[in-house]
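Each remark here refers to the structure printed beneath this line.
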Amino acid sequence: MSTNTQNAHDPARSSDARGLPPLGITGASGNVGGTVARVLAEAGIPMRLLANTPSRAPQLPGAAAVQCSYENTGASRAALAGVTTLFMVSAPESADRLARHKDFIDAAAEAGVRHIVYLSFMNAAPDCVFTLGRTHFHTEEHIKASGMAWTFLRDNFYIDFFVDLPDKEGVIRGPAGDGRVGAVARSDAGRVAAAVLRDPGRHVGRTLNVTGPSSLTLDEIAEILTGALGRPIRYERETVDEAYESRKKWPVEQWQYDAWVSTYTSIAAGQMDVVSTVVEDLTGRPPLSVRDVAEGRG
């Protein structure tokens, strides 16, 4: 590897002419991106927080908040100018999410970004059962085609999602059958991303599966939540047709219903039954369990 390439992937490289750090972080006002920003700040690594609304970005030592949207405009390219390594979380769920991703990737390439670390999804594929996983696949492919170096962090479903899933009667409903899911804590996903960003050159061209410590059925998750939350939680199996029908009480577009239902069918299909050692390998600590997250640890 040449000296120039090494420097391009060094997040501690000196700031640009505007005094802005060369490590760009998106999503810092959210859960995973916020953890990334906090961990890096604690390590003394300067960063540029690229935010649609800079006032919502966390105020952290060494962090400069810059307005930047997921679009290919002069303003976005200016915000990205001087960034060498970019951490890209996915845009909010929407019908045009992929188009927004492509625009932002194009803006990054045109601005001279050298390496994108993208927060992707487990088993992203063009025919991924979880419909939003298809968007992640096509985003990955667009990054590969851009000429920039890349690292993909394919997170499993988040444990935090399952902790918040029971309704007021303590029921989790969906067509997951007896499928298993290696869910990961959002905070662990953020710590993994921060570890990659501290030494991004080491991870160029890698796709990492980010999971929790074990693969569980929704019955097992419900049993753990019952003990951790101190109230009865149970999983109620639905058919796919029943799942679509029960969700009609929330008026949304069809793509959103498809995403909700395929969350469960992807588990039933075995696509989320993945457990890796990535969290411990990169952070030096075991991944948090469902009980840990439900009881507020980590």
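The analysis underlying the following values was restricted to heavy atoms, covering all of them including side chains, and did not include hydrogens, waters or symmetry mates. Predicted, not measured: the structure shown is a model, and the values here were computed from it.
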Review point. Given side chains that start at C-beta, do those of Val261 and Pro175 come closer than 4.5 Å, heavy atoms only?
Key: yes

Check your understanding: Would you say the side-chain atoms of Asp106 pair up with the backbone N or O of Asn72, donor to acceptor, closer than 3.5 Å?
Key -> no

Revision key, fill the gap. Separation between OG1 (Thr85) and CE (Met148), nearest 0.5 Å, reads 11.0 Å

Revision key, fill the gap. Tightest non-hydrogen contact, residues Ala185 and Val293, listed as CB-CG2, 3.7 Å

Practice item. Tell me whether Tyr158 is reachable from Val275 by hopping between hydrophobic residues (I, L, V, M, F, W, Y) whose side-chain heavy atoms are closer than 4.5 Å. Key: no

Revision key, fill the gap. Nearest heavy-atom approach of Ile224 to Arg291 is CG2-N, 3.7 Å

Review point. In terms of the angle between their ring planes, are His101 and His136 parallel, tilted or perpendicular, with boundaries placed at 30° and 60°?
Key: tilted

Review point. Please walk me through it: do Phe121 and Thr135 pass side chain to side chain contact (heavy atoms under 4.5 Å, CB included)?
Key: CA-CA 9 Å; Phe121 185 74; Thr135 298; over 6 Å; no

Exercise for review: Kindly determine whether Thr151 and Tyr118 satisfy side chain to side chain contact (heavy atoms under 4.5 Å, CB included), including the steps that lead there.
Suggested key: CA-CA 6 Å; Thr151 305; Tyr118 175 61; over 6 Å; no

Check your understanding: Which distance, rounded to the nearest 0.5 Å, do you find between the CD1 of Ile172 and the CD1 of Ile221?
Key -> 7.0 Å

Review point. With a 4.5 Å heavy-atom cut-off, do Phe162 and Leu218 have their side chains touching?
Key: yes

Exercise for review: Compare all side-chain heavy atoms of Met88 with those of Ile105 and state whether any distance is below 4.5 angstrom.
Suggested key: yes

Exercise for review: Find the distance between OG (Ser289) and CZ (Arg297) and round it off to the nearest 0.5 Å.
Suggested key: 6.5 Å

Point to revise | ring-ring contact (aromatic ring centres under 6.0 Å, His included) involving Phe152 - partner list, sequence neighbours excluded | key: Trp150

Exercise for review: With sequence neighbours left out, write down each residue that passes side-chain contact (heavy atoms from CB on, under 4.5 Å) with Pro92, or none if nothing qualifies.
Suggested key: Arg100

Exercise for review: Let me see the working for Arg173 and Glu242 under salt bridge (charged side-chain N to carboxylate O under 4.0 Å, His left out), right down to the final yes or no.
Suggested key: CA-CA 10 Å; Arg173 293 182 176 87; Glu242 288 170 342; over 6 Å; no

Point to revise | Arg186/Asp155 ion pair, N-O < 4.0 Å | key: no

**Study point:** Full working for side chain to side chain donor-acceptor pair (under 3.5 Å) between Gln271 and Ser266
**Key:** CA-CA 6 Å; Gln271 293 191 345; Ser266 67; 5.8 Å; no

Check your understanding: Are Thr217 and Tyr235 linked by a side-chain donor-acceptor pair shorter than 3.5 Å?
Key -> no

**Study point:** Beyond-backbone contact of Val83 with Leu23, side-chain heavy atoms, under 4.5 angstrom
**Key:** no

Point to revise | Close side-chain approach of Phe87 to Leu50, heavy-atom, < 4.5 Å | key: no

Practice item. Output the distance between atom CG (Asn123) and atom SG (Cys128), rounded to the nearest 0.5 Å. Key: 6.5 Å

Review point. Hey, are Asp241 and Thr239 close enough side-chain-wise for a donor-acceptor pair under 3.5 Å?
Key: no

Revision key, fill the gap. Between Ala41 and Pro61 the two heavy atoms that sit nearest each other are CB-O, 3.9 Å

Revision key, fill the gap. Rounded to the nearest 0.5 angstrom, the CG-CD1 distance for Leu60 and Ile45 is 12.5 Å

Review point. In terms of the angle between their ring planes, are Phe157 and Phe130 parallel, tilted or perpendicular, with boundaries placed at 30° and 60°?
Key: perpendicular

Considering only distance and modelled atom types, tabulate donor-acceptor pairs under 3.5 Å from the side chains of residues 202-213, sequence neighbours left out.
{"unit_1": "His203", "atom_1": "ND1", "unit_2": "Arg206", "atom_2": "NH1", "d": "2.9"}
{"unit_1": "Thr211", "atom_1": "OG1", "unit_2": "Ser276", "atom_2": "N", "d": "2.8"}

Review point. In terms of hydrophobic clusters joined by side-chain contacts under 4.5 Å, are Val89 and Leu49 together?
Key: yes

Exercise for review: Indicate the atoms forming the closest heavy-atom contact of Val66 with Ala79, along with that distance.
Suggested key: CG1-CB, 3.8 Å

Review point. Hey, is Arg180 close enough to Asp273 for a salt bridge, meaning N to O under 4.0 Å?
Key: no

Check your understanding: Is the shortest side-chain N to carboxylate O distance from Arg247 to Glu238 below 4.0 Å?
Key -> yes

Review point. Any side-chain heavy-atom pair from Arg77 and Leu80 closer than 4.5 angstrom?
Key: no

Check your understanding: When you check the side-chain N and O atoms of Asp258 and Thr131, is any donor under 3.5 Å from an acceptor?
Key -> no

**Study point:** NZ/NE/NH1/NH2 to OD/OE distance under 4.0 Å, Asp219 and Arg237
**Key:** yes

Review point. Hey, are Glu223 and Arg234 close enough for a salt bridge, meaning a charged N less than 4.0 Å from a carboxylate O?
Key: no

Exercise for review: Starting from the C-alpha separation in whole Å, work towards a yes-or-no answer on side chain to side chain contact (heavy atoms under 4.5 Å, CB included) for Thr263 and Phe161.
Suggested key: CA-CA 11 Å; Thr263 299; Phe161 164 75; 4.0 Å; yes

Exercise for review: Go through Arg97 and Ser90 one step at a time and tell me if the side chain to side chain donor-acceptor pair (under 3.5 Å) criterion holds.
Suggested key: CA-CA 8 Å; Arg97 187 192 230 180; Ser90 55; 3.3 Å; yes

Practice item. Any chance you could lay out the side chain to side chain contact (heavy atoms under 4.5 Å, CB included) test for Leu165 and Leu225, step after step, and finish with the verdict? Key: CA-CA 10 Å; Leu165 198 54; Leu225 293 180; over 6 Å; no

Practice item. Flag yes if Val129 and Met272 sit in one hydrophobic cluster, no otherwise; membership is Ile, Leu, Val, Met, Phe, Trp, Tyr, and two members link when side-chain heavy atoms are under 4.5 Å apart. Key: no

Review point. Which pairs with one or both residues in residues 30-46 pass side-chain hydrogen bond (donor to acceptor under 3.5 Å, both in side chains), sequence neighbours excluded?
Key: Thr35-Arg38

Practice item. Verify, without hydrogens or angle tests, whether Asp167 (side chain) and Gly170 (backbone) share a donor-acceptor contact under 3.5 angstrom. Key: yes

Review point. Which residues satisfy the side-chain contact (heavy atoms from CB on, under 4.5 Å) test with Thr226, sequence neighbours excluded?
Key: Ile233

Check your understanding: When hydrophobic residues are tied together by side-chain contacts of less than 4.5 Å, even through go-betweens, does Val113 share a cluster with Leu20?
Key -> yes

Check your understanding: Taking only residues two or more places apart in sequence, or in another chain, which ones meet Thr53 in a side-chain contact (heavy atoms from CB on, under 4.5 Å)?
Key -> Ser55, Arg56

**Study point:** Closest contact, heavy atoms only, Ser69 versus Phe104
**Key:** O-CD1, 3.7 Å

Point to revise | Neighbour count >12 (heavy atoms, 6.0 Å) for atom CD, Glu169 | key: yes

Check your understanding: Nearest heavy-atom pair of Ser262 and Ala259: which atoms, and what distance?
Key -> OG-O, 3.3 Å

Review point. Are Val240 and Val171 connected in a single hydrophobic cluster, I mean Ile/Leu/Val/Met/Phe/Trp/Tyr linked by side-chain heavy atoms less than 4.5 Å apart?
Key: no

**Study point:** Exercise: do His115 and Thr84 side chains pair donor with acceptor under 3.5 Å
**Key:** no

Practice item. Taking the side chain as every heavy atom from C-beta outward, state whether Trp260 and Trp250 have any atom pair closer than 4.5 Å. Key: yes

Check your understanding: Which value, rounded to the nearest 0.5 Å, describes the distance between Trp255 atom CH2 and Leu132 atom CG?
Key -> 6.5 Å

Review point. Can you tell if the side chain of Val184 reaches within under 4.5 Å of the side chain of Leu288, non-hydrogen atoms only?
Key: no

